[in-house]
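A short write-up of the structure that comes next.
Per chain, numbering begins at 1; letters A, B, ... match sequence-line order.
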There are 2 protein chains.
Amino acid sequence: MDGGVDGLTVGEVAGLAGVTVRTLHHYDRIGLLSPSGRTASGYRQYSAADLDRLHAVLLYRDLGFSLEDVAALLADDADPAAHLRRQHALLRARLERTQQMVAAVEKEMEAREMGIPLTPEERFEVFGEHDPEQYEAEVQERWGETDAYAQSKRRTGAYSKQDWLRIKAEGEDVEARFAAALAAGVAADSAQAMDIAEEHRQQISRNFYDCPPQMHAGLGRMYVEDERFTAHYEKRAAGLAQYVSDAVQANAVRQGG
Amino acid sequence: MDGGVDGLTVGEVAGLAGVTVRTLHHYDRIGLLSPSGRTASGYRQYSAADLDRLHAVLLYRDLGFSLEDVAALLADDADPAAHLRRQHALLRARLERTQQMVAAVEKEMEAREMGIPLTPEERFEVFGEHDPEQYEAEVQERWGETDAYAQSKRRTGAYSKQDWLRIKAEGEDVEARFAAALAAGVAADSAQAMDIAEEHRQQISRNFYDCPPQMHAGLGRMYVEDERFTAHYEKRAAGLAQYVSDAVQANAVRQGG
DNA sequence: CTTGACCCTGACGCGACGTCAGGCCGCACT
DNA sequence: AGTGCGGCCTGACGTCGCGTCAGGGTCAAG
């Protein structure tokens, strides 16, 4: 009658939360999460409030905090709403960082496809926010755009030479057709130009990685934003980078709609 | 003359990659990443290829792989393009999971706002994919929608009672105005209904957490998708949940465009 | 009243480094 | 030519967050 809700055992909580019993023992031992009750025989009993706390602990832990820091966070302010706000902010930050990492990998895939070398800073910049000036000058002169470096980059690939030549030829073909369309005065958002763009997209998907229209649009933007990709296209024809970018984006809208 | 590129020292690589020298020593010791050269005096010399490998190591590590697994991954296939594809897929999976966690936190914030209890499974389901059937029945009968559980949930909040009453009153006000608009036959996508929706959004932002239009639209969808939220509105007036949802989404489009 | 699943408390082990300790390079500055 | 001083080397021990027995009590079912 006196509404004392009974608790869950370690095993039940462990099953619910997807952790081991040992983990819960550990959290009890270090005082991070002690069950609010025990049975006469010493069994741990976890209450609903304990589950709340465990939930917060696991989320913070998953976000990379040490258990000591988690304890501090949970001790700081007892307001649960504040935790939800903080967790929300932290998760959104993580989301953003992951998106940047995805973008970085996509950029690298595209760079590899074209044989364009990325600088070491560029490749690591997504890991932690260390000072970007620090090693810049020094590494620039060591690993600058020397032929040796570019070639070593290209050699690291373990493609079959056959495949590589075929892929290269396909790429050449599409680029040539883009250049021809540009020279002929075909509008970048015309069906003809978009068709070439679509073929470009499917080529990437076949040969390198799955490239949905939206991602393709991102690559298109990069062609005009990153000077090395721009240079790659401008070497063939003036204005080609912008032209390809426009056609790719127009095609993405067409495919997406 | 014979183009042997010289390497980077541990400190330089550490600075570039944002790790400590000790970490690089460790990776060398366990054979995960041994520099391709040494100076006469025993200094480690890292080549560009070593940086490539380190980059992959750090990415996989960041994704949660043990160093042993990372070694296996890197040994598996020497094709760098395969790694990029795999990393891309893993990152996208992580992105998705993070998005789910963000959504879960948002749902919980909203639930707390309305005093609706979430089941334990619901709160933990985003952590690891353990069998959803397993503990379902058992916990359902223990922690089902009893008053005791709901009340204990509500009590866990540490709001000042003043604040809580004011916030509650504000919520009541907006809900009442929604209900009145519905009763008066005002269309859900009319300016009047959207104005109430916008006030609802700003109320959430003020009292609970920053709620941009897009997120607000997500909440709106939940009002008709989750039966408990639906019930909350339907108790006041039939069709109100759908009405609020429509108004909120229309307003999101208006604000977003 | 036994059996098997679950609980308890030590206690040791392990992965991925952090953190000295003691000593060797290398370059600048005097 | 010496003399710092920062950076590099190799042990070796410490730490964190548990995993994994070992040895023993508990509890509902048969």
Side-chain angles (χ1 to χ4, degrees), chain A residues 6-46 50 54 56-74 127-128 134-135 138-139 142, chain B residues 6-46 50 54 56-74 127-128 134-135 137-139 141-142:
Chain A
D6 60 340
L8 298 168
T9 70
V10 268
E12 288 165 337
V13 172
L16 261 174
V19 301
T20 69
V21 170
R22 177 65 176 99
T23 299
L24 294 175
H25 283 176
H26 185 56
Y27 292 171
D28 189 0
R29 167 78 58 96
I30 67 175
L32 176 58
L33 175 62
S34 295
S36 48
R38 293 271 185 145
T39 70
S41 53
Y43 283 27
R44 280 173 246 270
Q45 293 205 132
Y46 290 84
D50 293 337
L54 176 58
V57 166
L58 294 181
L59 219 164
Y60 282 128
R61 183 193 68 169
D62 201 77
L63 283 164
F65 290 94
S66 71
L67 296 188
E68 192 179 341
D69 289 349
V70 170
L73 283 172
L74 292 176
F127 293 117
Q134 194 130 10
Y135 285 82
E138 182 182 8
V139 177
R142 260 190 222 260
Chain B
D6 60 340
L8 299 169
T9 70
V10 267
E12 289 164 337
V13 172
L16 260 176
V19 300
T20 69
V21 170
R22 178 65 175 96
T23 299
L24 294 175
H25 282 177
H26 185 55
Y27 292 171
D28 188 1
R29 167 77 59 94
I30 67 175
L32 176 58
L33 174 61
S34 296
S36 50
R38 294 268 186 149
T39 69
S41 53
Y43 282 25
R44 288 173 179 80
Q45 291 203 131
Y46 291 85
D50 295 337
L54 176 57
V57 167
L58 294 181
L59 219 164
Y60 282 128
R61 184 193 68 169
D62 201 77
L63 282 165
F65 289 96
S66 73
L67 296 188
E68 193 178 340
D69 289 348
V70 170
L73 284 171
L74 291 176
F127 293 115
Q134 193 131 8
Y135 284 82
E138 183 180 9
V139 178
E141 80 178 358
R142 257 189 225 262

- [ ] Could you say whether B:Val21 or A:Phe65 is positioned toward the 5' end of DNA chain D, judged by the nucleotide with the nearest heavy atom to each?
- [x] B:Val21
Task: Single hit among B:Leu54, B:Val10, B:Leu16 for side chain to side chain contact (heavy atoms under 4.5 Å, CB included) with B:Tyr46 - done: B:Val10
Open item on the list: Just so I know, are the side chains of A:Arg44 and A:Asp28 near enough to count as touching, which here means a heavy-atom distance under 4.5 Å?
Closed with: yes
Task: Short side-chain N/O contact to C:dC8 OP1/OP2 from A:His25, under 4.0 Å - done: yes
Task: A:Thr9 side chain near C:dC6 phosphate (N/O to OP1/OP2, under 4.0 Å) - done: no
Task: Between CZ on residue B:Arg29 and OG on residue B:Ser34, distance to nearest 0.5 Å - done: 11.0 Å
Open item on the list: So, taking the atom named CG in A:Leu73 and the one named CG in A:Leu59, what distance separates them when rounded to the nearest 0.5 Å?
Closed with: 11.5 Å
Task: Sidechain-backbone polar pair: B:Asp50 side chain, B:Pro35 backbone, donor-acceptor under 3.5 Å - done: no
Open item on the list: Show the nearest heavy-atom pair for residues B:Leu58 and B:Ala17, with the distance to one decimal.
Closed with: CD1-CB, 3.8 Å
- [ ] First locate atom CG of B:Leu8, then atom OH of B:Tyr43, and finally report the distance between them rounded to the nearest 0.5 Å.
- [x] 15.0 Å
- [ ] Output the distance between atom CG (B:Leu74) and atom CG (B:Asp69), rounded to the nearest 0.5 Å.
- [x] 11.0 Å
Open item on the list: Could you tell me how far apart A:His26 (NE2) and C:dC7 (P) are, to the nearest whole angstrom?
Closed with: 19 Å
TODO: Starting from P on C:dC17, measure out to CG on B:Leu54 and report it in whole angstrom.
DONE: 11 Å
Task: Rounded to 10 degrees, the angle between the two terminal axes of the helix from C:dC1-D:dG30 to C:dT30-D:dA1, each from five pairs - done: 0°
Task: Residue-level proximity of residues 35-43 of chain A to DNA chain D when a heavy atom falls under 4.0 Å - done: A:Ser41, A:Tyr43
Open item on the list: Output the rounded distance in Å from CG (B:Asp28) to C1' (C:dA16).
Closed with: 15 Å
Open item on the list: Nearest 0.5 angstrom please: A:Arg61 CZ to A:Thr23 OG1, how far?
Closed with: 6.5 Å
TODO: Tell me whether the OP1 or OP2 atom of C:dC8 has a side-chain N or O from A:Arg44 closer than 4.0 Å.
DONE: yes
- [ ] Measure from CG on B:Leu32 to P on C:dA16 and round the result to the nearest Å.
- [x] 9 Å
TODO: In whole angstrom, give the distance that lies between atom CZ of A:Arg22 and atom C1' of C:dC8.
DONE: 12 Å
TODO: Heavy atoms of chain B, cut-off under 4.0 Å: which first and last nucleotide of DNA chain D, 5' to 3', fall inside that, if you could look?
DONE: D:dG7 to D:dA12
Task: Min side-chain heavy-atom separation A:Leu67-A:Tyr27 under 4.5 Å - done: yes
- [ ] Using a cut-off of strictly less than 4.0 Å, decide whether B:Thr23 has a side-chain nitrogen or oxygen near OP1 or OP2 of C:dA16.
- [x] no
